[in-house]
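Only one structure is covered here, and it is reproduced in the block below.
Quick note: residue numbers are just sequence positions, from 1.
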Amino acid sequence: MGGKKLHNHNNNNNGAVDTNSNNSNRNGTTTTTTTVKPPPVTLQQSPIINLDRGDPSVFEPYWRKNGGKCTITISGHDSLSYFSDPNSVCWYMEPELQEAIRRVHRVVGNAETEGCHVVAGTGSTVLFQAALYALSTSSSSVAAEPMKVVCAAPYYSQYKEQVELLQSRLYEWGGDAETFDGSAAPFIEVVTSPNNPDGSLREAAVANKTGNGKLIHDLAYYWPNYTPITRPADYDIMLFTLTKCTGHAGSRIGWALVKDVEVAKKMTTFMQITTIGVSKDSQLRAAKILDVVAEDFGYAGNDADKTFFGESRKLMAERWEKLREAVKDKKDVFTLPKYPKRYCNFSGRYFQPAPAFGWLECKEGCDASALMKAHNVLTRGGETFGVSSRYTRISMIGREEEFERFIERISGIQCVDEEDEEEEEEEEGFVVMNGNNGGDVIRLGNENSNSHGKWLEQVEVQ
């Protein structure tokens, strides 16, 4: 057949397969049914590695070592009022946080803050919703039909969910910006750079071509621990989050840099109606953390390598080096994107991006997320990002022990020629994952079964 089989080093000869092919159903579709016995005990007992979530625990060792600098004291009489600065556009925002945000952007050089209003949010997710509300209700964009919200695929998987959650009459999901015709009516385009999930640097795909589009730039990962800072970003609406900047996801702090004062006011109104502001305790803690990060640069004698961002970039680069080493001989199975070196104005050197997520591509016909799940690794499949299931996203920012287990496990997947291993197929047991008549078929070892006895998978062949 000329196909490939995927193995795991933990395989033994306990598995068996019974396959009944060419069973036609009423629709004329041919169905291949494969029954597989339970996997070897070694894999059943191996822990599940969850690389679906983007929980930034990777930075915990740094903050355990340096966290004392971030200690603040909040007395019982503090933070009683809703208001922080009644005369400010964002009236619930603590002045200390606003100054810390402007300061860290000046030090890093990743965003222009002059002429921008700062709007705080409970993470950047709610600020995304606030920006959609503000842009879809501005006088210049009121339309009879909901405004389309688009983003070039692969796009962040939760954009679609967030747009559709409230079933708003103001806006609705419009899909892939690359295939969207924006000439008919106003629309909103979301630009994520570096992109989640694939780490690429992006500009608008359609908004700048038609003149009808309004832009939201999600710059959550535009920090020197992930990518070279080549210039200060300077856009109408820019979203950032403490989660990906320093790893403090639990503090739930995000911010938007907004040029248009009326848009900033509408975003603040959205926050007022939905959450009546943002926790002052979290704001003060975030301000202290950002101050420490900014002060690092001065304490290190302007040596970026000795700062939080420098040490974090080194850690991320080491993880990417290990991942690339683990997959370098597996091009028949999966590949990773390649990123060019760029000069970073913050660090003063050239280096390759080390994104927060790995974007794994499997060969044609393979479900990448299912392949990882078969080896007890949970990832987020490409279909949730608007592309093929042959892609999947793996988190690079989890705990060290979790990442090391993943590297060990992915190193155990190998690809061999089917012609050379026909006898082994009879002994070990394999499951057809996908395939077409006359084409290659990717097969997975008997570890694809679960721990509940026999496991049945149906593969439809058109």
Side-chain angles (χ1 to χ4, degrees), residues 1-6 29-32 34 50-54 148-164 173-181 189-202 205-206 218 323-324 326-327 330-339 355-375 377-396 406 410 413 415 430-444 448 457-462:
M1 187 189 322
K4 298 290 184 181
K5 296 186 297 188
L6 301 181
T29 301
T30 301
T31 303
T32 299
T34 304
N50 192 337
L51 301 183
D52 181 326
R53 56 198 178 200
K148 299 290 186 181
V149 181
V150 299
C151 185
Y155 43 71
Y156 176 43
S157 56
Q158 290 192 2
Y159 286 151
K160 183 175 183 291
E161 295 176 11
Q162 292 167 17
V163 169
E164 295 179 339
W173 182 246
D176 187 357
E178 293 287 359
T179 59
F180 178 73
D181 180 7
E189 181 176 356
V190 188
V191 181
T192 312
S193 186
N195 189 40
N196 175 3
D198 65 2
S200 61
L201 297 179
R202 290 185 161 187
V206 63
D218 185 344
L323 179 59
R324 291 195 185 280
V327 305
K330 305 182 188 302
K331 293 188 173 79
D332 288 340
V333 185
F334 35 60
T335 57
L336 288 164
K338 294 181 179 179
Y339 306 105
F357 299 100
W359 189 231
L360 206 64
E361 178 184 2
C362 283
K363 68 170 294 182
E364 191 70 43
C366 179
D367 185 321
S369 179
L371 169 58
M372 291 294 104
K373 188 175 182 179
H375 294 80
V377 179
L378 304 182
T379 60
R380 192 171 300 184
E383 291 175 324
T384 64
F385 298 95
V387 295
S388 165
S389 62
R390 64 187 289 194
Y391 295 91
T392 198
R393 191 194 76 171
I394 56 177
S395 173
M396 299 289 288
F406 166 66
I410 199 174
I413 303 174
C415 188
F430 292 83
V431 175
V432 176
M433 287 299 299
N434 204 350
N436 298 317
N437 292 327
D440 287 346
V441 177
I442 291 182
R443 301 169 183 262
L444 301 181
N448 283 295
E457 178 174 6
Q458 305 244 343
V459 180
E460 292 189 355
V461 181
Q462 301 299 327

So, do Y155 and V190 sit near enough that their side-chain heavy atoms are less than 4.5 Å apart? no

Is any side-chain heavy atom of I410 less than 4.5 Å from a side-chain heavy atom of F334? yes

Note: A152 and A205 closest approach over all heavy atoms is CB-CB, 4.3 Å

Side chain proximity check, V327 to L336, heavy atoms < 4.5 angstrom: yes

Any donor-acceptor N/O pair, R390 side chain to C362 backbone, under 3.5 Å: yes

V333 side chain reached by K363 side chain, heavy atoms, under 4.5 Å: no

Apply side chain to side chain contact (heavy atoms under 4.5 Å, CB included) to the pair L360 and M372, showing each step before the final yes or no. CA-CA 10 Å; L360 206 64; M372 291 294 104; 4.2 Å; yes

Nearest 0.5 Å, please: how far is CZ in F406 from CD1 in I394? 3.5 Å

Considering only heavy atoms from C-beta outward, does the side chain of T392 approach that of L371 to under 4.5 Å? no

On a heavy-atom basis, which atom in A177 and which in V206 lie closest, and how many Å separate them? O-CB, 3.8 Å

Indicate yes or no: at least one non-hydrogen side-chain atom of V149 is less than 4.5 angstrom from one of Y159. no

Determine whether R380 and P197 make a side-chain contact, defined as any pair of heavy atoms from C-beta on separated by less than 4.5 Å. no

Which atoms form the tightest heavy-atom contact between E178 and D176, and what is the distance? N-OD1, 3.0 Å

Which heavy atom of V191 sits nearest to which heavy atom of R202, and what is that distance? CG1-O, 3.9 Å

Got a second to check how far K373's NZ is from D52's CG, nearest 0.5 Å? 10.5 Å

For a quick test of reading the model, state the closest non-hydrogen atom pair linking P194 to T192 and the distance between them. O-CG2, 3.5 Å

Could you grab the distance from atom NZ of K148 to atom CG of D181, nearest 0.5 Å is fine? 12.0 Å

Side chains of R393 and T384 in contact at under 4.5 Å (non-hydrogen atoms): no

Once you measure the plane-to-plane angle for W359 and F385, does it fall in the parallel (<30°), tilted (30-60°) or perpendicular (>60°) bin? perpendicular

Rounded distance [0.5 Å steps], CG in D218 versus OG in S193: 9.5 Å

Closest heavy-atom pair, N195 versus P154, reported as atoms and distance to 0.1 Å, is ND2-O, 2.8 Å

